[in-house]
Amino acid sequence: MRLSQYFLPILRDDPKEAEIASHKLMLRAGMVRQEAAGSYSWLPLGYRVLRKIEQIVREEQNRAGAIEVLMPTLQSADLWRKSGRYDAYGKEMLRIKDRQDRDLLYGPTNEEMITDIFRSGVQSYKDVPRNLYHIQWKFRDEVRPRFGVMRGREFLMKDAYSFDLTREAGQHSYNKMFVSYLKTFARMGLKAVPMRAETGPIGGKDSHEFLILAPTGESEVFFDKGFHDVDWQNFEIDYDNVEDVAGVVEKFTSMYAATSEMHDGADYEKRVPADRRMTGRGIEVGHIFFFGDKYSLPMGCEVQGPDGKKVVLQSGSYGIGVSRLVGGIIEASHDKDGIIWPEAVAPFKVGLINIKSGDAEADAACAKIYKALEAKGVEVLYDDRQQPGGAKFATMDLIGLPWQVIIGPRGLKDGIAEVKHRATGQRENVALDKVVEKLAG
RNA sequence: CGGGGCGUAGCGCAGUCUGGUAGCGCACCUGCCUUGGGCGCAGGGGGUCGCGAGUUCGAAUCCCGCCGCCCCGACCA
């Protein structure tokens, strides 16, 4: 993409309504635009990141055996009356009437709907286990939306729902999601620490939150230093192997980690040696629940067992805040100059800077590399604007693309470009004909 | 929902107390100059001062009502 033809409304000053780094940077980098309290339009740069995160989530859900569906944003109130949550959910639920005066709501979550869908599609114990998920916009009419996309009212969420015949089988479904979450967040360059959680209004028996560590997190967290040393990603897992999956869960839950709400000081001191006690702040990016028959029972979600008797299914739900992750990643990865995208979620991999746009030689050298990178499938944003070099550097650092290729008269004399790694700041002179090779890996 | 604050050009702000032709910086447009970390000079465009009703010869400014947004507290992916 040529920047001269892109839509990237950069701001030089921090908008005054933004309080935390990710919010400021997302507005300054032209990623989003606020439309109302807690409601954002996703501009081209931000949308690219959102889609990349969504795709990673999707791939890891699929790998763990979950099956993608898509449910509507608007739901009928009747479903929620059946589960008893229509009244229980309170003002956070946005309620709407249609022209026939029927009660609708903009879905804050989908347990009712998925349970209804699943129930009507299965009759036999042979139809379970199953895990269905979708990635859809949710609306929760938060009392106080804030921090940009970190706590919006409208947000993109992946929610998965498992259905099993027995509690034991349900536990395995839960464990699979637990492990897939570790892998999902690790792929985005994040360490998301699983912590035992309250079950809250969703209800249920077992629950973990996944929190990424960042100084601006909303929750205070206490954890074992061991989390810094474990292998988050490079373990192989066979999701069908019940013991192996449970083993990973055991490994990660055996270390102490708790938010302040769940923190037990005595237990902490008993289980964690003083030199390994860590405190910090965390941002919740995922939350998983096992809730047994809480929804299956009132909604009549059951199948016929091998003995011919009806069995109420055991279920769980598993959420990831996809849009929140955009802000969360920035909180975990930025510096004074701007965002530092992990490569897996970067809107473009490479930013190509033409120091002297308009100079025939510089233009030609840039155009050649630009085309070659695109031909190799490397996502590149080419700053071909008529701007002083300094402005281009500042823009590129702000939007945080992992690699910058800097081409100007100075280097061209010797046939070289400068390649800068945004995260480390390391610069390297690379022969013009080796640039593509270096970055196409 | 309780408490506090703010709405003036795309962004950041001054002007409001004490009513009298709406301003500054950045951004933007034109020309020249420049291009290795937000360059310089000259010229220029852009605002129903959040909305409505009032007081007044005259309202961004005073009065009344409303709306929006932000921050602090109790709740949430």
Side-chain angles (χ1 to χ4, degrees), chain A residues 9-20 23-24 27-28 30 33-39 53 57 89-93 107-110 135-160 181 192 197-202 207-212 218-219 259 261 283-289 317-328 337-338 353-359 362-363 383 385-398 404 406-413 416-418 420 425 427 429:
Chain A
I10 298 267
L11 298 175
R12 195 159 166 169
D13 301 311
D14 290 332
K16 66 176 177 202
E17 72 269 19
E19 192 76 2
I20 62 170
H23 192 193
K24 286 177 182 170
L27 292 169
R28 285 192 51 210
R33 195 183 89 110
Q34 181 167 353
E35 298 299 345
S39 169
I53 292 172
V57 170
Y89 216 95
K91 288 192 153 180
E92 206 174 277
M93 184 192 289
T109 178
N110 286 66
I135 300 172
Q136 177 63 291
W137 293 92
K138 306 290 188 292
F139 194 96
R140 294 184 188 172
D141 201 354
E142 296 275 350
V143 182
R144 186 149 96 83
R146 64 184 133 162
F147 303 146
V149 301
M150 300 276 285
R151 187 199 289 262
R153 291 192 297 170
E154 189 173 17
F155 58 96
L156 188 61
M157 175 169 147
K158 184 283 301 181
D159 40 326
Y181 275 33
E198 305 258 20
T199 51
I202 307 267
S207 179
H208 287 90
E209 302 181 322
F210 289 75
L211 290 99
I212 56 180
E218 290 193 80
S219 314
T259 59
E261 298 86 50
I283 299 164
E284 184 185 351
V285 290
H287 202 158
I288 61 179
F289 303 86
S317 76
Y318 315 91
I320 290 180
V322 175
S323 49
R324 170 178 282 189
L325 272 166
V326 180
D337 296 320
I353 294 177
N354 186 345
I355 292 284
K356 194 168 183 179
S357 289
D359 175 83
D363 288 353
D383 191 345
R385 298 172 304 164
Q386 301 285 331
Q387 292 273 334
K392 296 188 177 186
F393 292 130
T395 297
M396 230 22 116
D397 286 345
L398 173 64
Q404 295 175 13
I406 300 158
I407 292 178
R410 204 171 79 189
L412 284 176
K413 284 204 313 275
I416 54 168
E418 185 175 81
K420 176 182 159 187
R427 297 153 183 276
N429 288 323

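The chains referred to below are lettered A, B, ... by the order of the sequence lines, with proteins before strands, and numbering in each begins at 1.
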Using both distances under 3.5 Å as the test, list the Watson-Crick or G-U wobble partner of [N], or none.
{"N": "B:A14", "value": "none"}
{"N": "B:G36", "value": "none"}
{"N": "B:U21", "value": "none"}
{"N": "B:C28", "value": "B:G44"}
{"N": "B:C69", "value": "B:G5"}
{"N": "B:A60", "value": "none"}

Original post:
Under 4.0 Å between a Lys/Arg side-chain N and an Asp/Glu carboxylate O for A:Arg151 and A:Glu142?
Top reply: yes
Can you tell me if [X] touches the phosphate of [N], counting only side-chain N or O atoms and a distance under 4.0 Å to OP1 or OP2?
{"X": "A:Lys91", "N": "B:C1", "answer": "yes"}
{"X": "A:Arg144", "N": "B:C71", "answer": "yes"}
{"X": "A:Arg324", "N": "B:C76", "answer": "no"}
{"X": "A:Gln34", "N": "B:C70", "answer": "yes"}
{"X": "A:Arg151", "N": "B:C76", "answer": "no"}
{"X": "A:Gln404", "N": "B:G37", "answer": "no"}

Subject >> Exercise: do A:Asp159 and A:Gln136 side chains pair donor with acceptor under 3.5 Å >> reply: no
Could you give the [atom1]-to-[atom2] distance, from [X] to [N], as a whole number of Å?
{"X": "A:Asp13", "N": "B:A14", "atom1": "CG", "atom2": "P", "answer": "13 Å"}
{"X": "A:Glu19", "N": "B:C69", "atom1": "CD", "atom2": "C1'", "answer": "13 Å"}
{"X": "A:Arg28", "N": "B:G38", "atom1": "CZ", "atom2": "C1'", "answer": "10 Å"}
{"X": "A:Asp359", "N": "B:G36", "atom1": "CG", "atom2": "C1'", "answer": "13 Å"}
{"X": "A:Glu17", "N": "B:G12", "atom1": "CD", "atom2": "C1'", "answer": "11 Å"}

**OP:** State which of B:U35, B:C76, B:C71 makes the closest approach to the side chain of A:Phe147.
**Re:** B:C71
**OP:** Kindly compute the distance separating CG (A:Asp141) from CE (A:Met93), expressed to the nearest 0.5 Å.
**Re:** 11.0 Å
Original post:
Do A:Glu418 and B:G36 share a donor-acceptor pair, side chain to base, under 3.5 Å?
Top reply: yes
Original post:
Is there a donor and acceptor pair, one atom on the side chain of A:Asp397 and one on the base of B:G37, closer than 3.5 Å?
Top reply: yes
Subject >> First encountered from the 5' end of RNA chain B, between A:Ala37 and A:Arg427 >> reply: A:Arg427
Subject >> 5' priority, RNA chain B, between A:Thr395 and A:Val143 [closest heavy atom] >> reply: A:Val143
Original post:
Stepwise, does the side-chain contact (heavy atoms from CB on, under 4.5 Å) test hold for A:Thr109 with A:Tyr89?
Top reply: CA-CA 11 Å; A:Thr109 178; A:Tyr89 216 95; 4.1 Å; yes
Original post:
What nucleic acid atoms does A:Lys392 come within less than 4.0 Å of, heavy atoms only: base, sugar-phosphate, or nothing?
Top reply: nothing
